[in-house]
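To start, the structure itself, in structure tokens.
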Amino acid sequence: MPASDAQEAMEGLAKRLAALEVGAAQQVIDAYKPVDQNLRKRILQITALAQKRKLKPSQIMRMTALTSLKAQLVGELAIFHSVVRGVITGGQQGAIGLAETGSRMVVDRALPRGIKIDNLARLGIQWNRLPREAFEGFVGIAGDGKPLGNLLSRYGPQNAAKITSEIGSGIATGKGPREVARLARKATGIPLSEALTISRTEINRAHREATRLNYAANSDIVRGYRRLASKDALTCMACIALDGTAYENNEPLDSHPNCRCTMVPDTLTYQDLGLDIPEEPRPENGQEWFKKQPESVQRQMMGGRRLEAFKTGKIGLSDLVTVSSSSTWGKSATVKSVKALGI
């Protein structure tokens, strides 16, 4: 079938994966609620105590209650991260299950019209189903190849220090209890925000890698894959610029935290099967899609300076992309800074 059918199938699969992510995210949020509620209560107590005793800024920063809060936070965040690890592991297993069944379905839709995997079996080309054990290496593992617990646990002391520092400085500058609580809200949201990012990123990564392994195990049918980006105003410009890019089956997709890109298979063609039938055109890619968008959408996605440089021909969309390496996330495709672009 035409590539557009495969793209449609992949988009449907992506919706199912998104539903799995939402479920995992809600579990993470629910796990953080008691930590958040207890933290806000303690902030009000500490602030009121400091004001009652009329402590000086230097005394506030040495308050026993503040030191105690930091130690308590480290312990509570360790418990929270343990719960999150279990949530992500379950999400990874669900994502791998989707990849196992979804890969074959998408490949079936990507084959030339009138040809199915079952037809190819008559020609001696079989679909190889990998054993479940082949995917177990993704479960409980982060993008840097280390156990998820290592990634999550390192944020505990860092976040506790950020939160207590924010509380201490707020009180020391004379702000009231509720004002301090409001200012600390951003800091208290950091552990939850990071956990949600890790959850979404690692569940998606497990799905992509399981999909890639299925493609690689069936290289007689799947010659490689192409990047498929979500085409909306929330998609980063690196993904838009790379949409439609071809990859070998042995190449992991250069994604990034919260990346929504999926992988459409490049399959056997009519010509490969000895049939003299013209191939159907490929669907519109991200760069073509972007150029058709209203200027307001382009500006929202690209930023003013990049857009002006793009419109005047100083840069092309492909110039926006850089691939960096992170000790946490591995290789990531990201958008170049204005400075790096020389604009």
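Any value given below was found using the heavy atoms of this structure, including those in side chains, with hydrogens, waters and symmetry copies removed.
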(message) Suppose the criterion is ring-ring contact (aromatic ring centres under 6.0 Å, His included): which pairs have a residue in residues 73-110, not counting sequence neighbours?
(response)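 The answer is Y32-F80.
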(request) Kindly state each residue pair satisfying ring-ring contact (aromatic ring centres under 6.0 Å, His included) with at least one member in residues 238-262, sequence neighbours excluded. (result)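 Every pair satisfying ring-ring contact (aromatic ring centres under 6.0 Å, His included) with a residue in residues 238-262: Y225-Y247.
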(message) If the threshold is 4.0 Å, N to carboxylate O, is there a salt bridge linking E209 and R205?
(response)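 No, no charged N to carboxylate O under 4.0 Å.
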(request) Quick one: do N214 and T211 satisfy side-chain hydrogen bond (donor to acceptor under 3.5 Å, both in side chains)? Show the steps, please. (result) CA-CA 5 Å; N214 273 305; T211 298; 5.9 Å; no
Which pair of non-hydrogen atoms, one from [X] and one from [Y], has the smallest distance, and what is that distance?
X    : Y    : result
P265 : V106 : CD-CG1, 3.4 Å
A110 : T267 : O-OG1, 3.2 Å
E21  : R200 : OE1-NE, 3.1 Å

Between [X] (side chain) and [Y] (backbone), is there a donor-acceptor pair under 3.5 Å?
X    : Y    : value
T201 : N258 : yes
D36  : K33  : no
E248 : G224 : no
S68  : T64  : no
S82  : A78  : no
D254 : A333 : no
N38  : P34  : no

Group every Ile, Leu, Val, Met, Phe, Trp and Tyr by side-chain heavy-atom contacts under 4.5 Å, then state whether [X] and [Y] land in the same group.
X    : Y    : value
V35  : I29  : yes
V83  : V74  : no
L228 : L234 : no
I163 : L66  : yes

(message) Starting from L130 and following side-chain heavy-atom contacts under 4.5 Å between hydrophobic residues (I, L, V, M, F, W, Y), which residues can be reached?
(response)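 Its cluster mates, by chain and number, are I96, F135, F138, V139, L213.
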(request) Give me the other members of the hydrophobic cluster that I343 sits in, counting Ile, Leu, Val, Met, Phe, Trp and Tyr linked by side-chain heavy atoms under 4.5 Å, directly or via other members. (result)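 M237, I240, W289, F290, V297, M301, M302, L307, F310, I315, L317, L320, V335, V338, L341, all in the cluster of I343.
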(request) Can you tell me which residue pairs pass the side-chain hydrogen bond (donor to acceptor under 3.5 Å, both in side chains) test with a partner in residues 84-102, sequence neighbours excluded? (result)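 Checked against side-chain hydrogen bond (donor to acceptor under 3.5 Å, both in side chains) - neighbours excluded - the pairs reaching residues 84-102 are E100-R132.
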(message) Using the side-chain hydrogen bond (donor to acceptor under 3.5 Å, both in side chains) criterion, which residues pair with N150? Sequence neighbours excluded.
(response)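 With neighbours one apart ignored, the set is empty.
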